[in-house]
Amino acid sequence: MRRTIVSGIAAAVLSIALAGCASAGSAPDAPASPSASDSPTAPAAPVSTGADAQARLAGLPTPSATEPVLAVGTVLEQDGIAGLCVGFVAESAPPQCAGMELIDWDWAAFEHQELGGVRWTQGVAIEGTYDAAAQTFTPTGEPMSAAAIQLPAVETPQGDLDEATIAAVQQDLSTIQDDSSRQDPNLLGSWGERGTVVLNVTYDDGSVQAALDDIYGEGVVFVVPALR
C-alpha cells in the first residue's frame, strides 16, 4: 500500500545545487552520481516539446530496486508511519517533504528530534530494496551516518541546449509532476545545468534514461537517481 510521508528535514550529504528546480527549501539529501561520460554531450536534432512529449512522459517507467541500493536522506515519522525522504525537503518546524514508507525502522538506532508529534533524523545512510509501486523502502543493512561514507560528486555532461529549450523541457517534466491524475512519484525535480536538463529521480535502472533519450533525443536530459 502506497503511503506518502509529508514532513521531514533537510539532509545535506552531497552538494548538488537545485537552483533551477523549485521554490524555497533545501536540496535533495543525496542525488546519486552516474558517470557523465555515459551520456552524449549534445542533442542530434531540434528538441520536440509540448503536448506530444508530455503524453509520452506519462508512460515513463518507474523501476523498483530488487537488489540492495544505498539511500541517503532524512527519516521521519508522523502518525505512526516512518518514512524516508531522498528528495526536496522544506525547512519548517517541523520540516516537510514527500517520501516513501520506511519498513521496520527502529528509532533507537539513531539520535533524533521530535516536535508536534513528528520525529525525524537527518543524514542517514541505509542499504535496502525499493518497491516503486508500493513506495516502500526495506532496509537490508544497519543504518549509519552519511558522514561516515564518501560518494563521488555528480558531473553533469556538457550540452548545447539554449535557455528556451531547457525551460520547455522542464515545463514538460513539471506538467507530469503536477498532474495528480498521472503524477510520477519517481520524479523528484529538474534543473538546467551546462546546457543540459538534469532530472533527479528516486531510482533508475537505466530504463528512465533510455525512455527520455527516446522522447527528446540523446544528450537532452541527464538522469540522476537518488538511490544507487
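No hydrogens, no waters, no symmetry mates; every other heavy atom, side chains included, goes into these values.
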- Does the side chain to side chain contact (heavy atoms under 4.5 Å, CB included) test come out yes or no for Arg228 and Val69, once each step is laid out? CA-CA 5 Å; Arg228 58 183 176 125; Val69 290; 5.8 Å; no

- Query: Should Asn186 and Leu60 be marked as a side chain to side chain contact (heavy atoms under 4.5 Å, CB included) after you check the CA-CA gap, both sets of side-chain angles, and the distance that decides it?
  - Reply: CA-CA 9 Å; Asn186 196 40; Leu60 279 180; over 6 Å; no

- Task: Decide yes or no on side chain to side chain contact (heavy atoms under 4.5 Å, CB included) for Val220 and Leu212, but give the supporting numbers first.
- Result: CA-CA 8 Å; Val220 175; Leu212 289 166; over 6 Å; no

- Check the pair Trp191 / Glu193 against side chain to side chain donor-acceptor pair (under 3.5 Å), numbers first and verdict last. CA-CA 7 Å; Trp191 64 96; Glu193 184 178 334; 2.9 Å; yes

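Exactly one residue among Val169, Val197, Thr165, Leu161 makes a side-chain contact (heavy atoms from CB on, under 4.5 Å) with Tyr216. That residue is Val169.
Taking each heavy atom of Ala168 and Thr49 in turn, the nearest pair found is CB-OG1, 3.6 Å. Looking at every heavy atom in both residues, Asn200 comes nearest to Val224 through ND2-O, 2.8 Å. The minimum heavy-atom distance linking Thr136 with Met100 is given by the pair N-CB, 4.3 Å. Between Pro68 and Thr129, the shortest heavy-atom distance links the atoms N-CG2, 4.1 Å. For the residue pair Gly192 and Ile166, the shortest heavy atom distance occurs at CA-CG2, 3.8 Å.
Counting only residues at least two apart or in different chains, salt bridge (charged side-chain N to carboxylate O under 4.0 Å, His left out) contacts with residues 115-126 comprise Glu77-Arg119. Residue pairs meeting the salt bridge (charged side-chain N to carboxylate O under 4.0 Å, His left out) criterion with at least one partner in residues 162-176, sequence neighbours excluded, are absent. Each salt bridge (charged side-chain N to carboxylate O under 4.0 Å, His left out) pair with one or both residues in residues 66-76, not counting sequence neighbours, would appear here, but there are none. Sorted by first and then second residue, the salt bridge (charged side-chain N to carboxylate O under 4.0 Å, His left out) pairs involving residues 54-64 (not counting sequence neighbours) are Arg56-Asp214.
Side-chain atoms of Ser190 do not come within 3.5 Å of backbone N or O of Gln170 as any donor-acceptor pair. Side chain of Glu101 to main chain of Ala82: no donor-acceptor pair is present (N/O by atom type, distance under 3.5 Å, no hydrogens or angles). Panel note: side chain Asp204, backbone Ser207; a donor-acceptor pair is recorded below 3.5 Å. With hydrogens and angles ignored, the 3.5 Å screen pairs no side-chain donor or acceptor of Thr196 with any backbone N or O of Val198. A donor-acceptor pair under 3.5 Å is absent between the side-chain atoms of Asp205 and the main chain of Pro63, judged by distance alone. Judged by distance alone, with hydrogens and angles left aside, the side-chain atoms of Glu218 form no donor-acceptor pair with the main-chain N or O of Asp213 at under 3.5 Å.
Applying the salt bridge (Lys or Arg N to Asp or Glu O under 4.0 Å) test to Asp106 and every residue at least two apart in sequence or in another chain returns nothing.
Between Tyr130 and Tyr203, the ring planes lie perpendicular to each other; the angle is over 60°, past the 30° to 60° tilted range.
Residue Ile103 is not grouped with residue Leu227 when hydrophobic side chains (ILVMFWY) are merged at heavy-atom distances under 4.5 angstrom, including chains of intermediate members.
Aromatic rings of Trp107 and His112 (six-membered ring for Trp) have centroids within the 6.0 Å cut-off, being under it.
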Ignoring hydrogens and angles, write down the donor-acceptor pairs under 3.5 Å from the side chains of residues 137-151, residues two or more places apart or on other chains.
residue	atom	partner	partner atom	Å
Thr140	OG1	Glu127	O	3.3
Ser145	OG	Ala147	N	3.2

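Separating the CD atom in Glu111 from the CD atom in Gln122 is a distance of 10.5 Å, to the nearest 0.5 Å.
Contact check for Val72 versus Val124: no side-chain heavy atoms found under the 4.5 Å cut-off. Using a 4.5 Å heavy-atom cutoff, the side chains of Leu102 and Ile126 are in contact. With contacts defined as side-chain heavy-atom distances shorter than 4.5 Å, the pair Val86/Leu84 qualifies. Taking the side chain as every heavy atom from C-beta outward, Leu187 and Ile176 approach each other to under 4.5 Å. Here the side chains of Phe222 and Leu199 are not in contact, with every heavy-atom distance at 4.5 Å or above.
Under the 3.5 Å distance criterion, with hydrogens and angles disregarded, no donor-acceptor pair is assigned to the side chains of Asp131 and Gln135.
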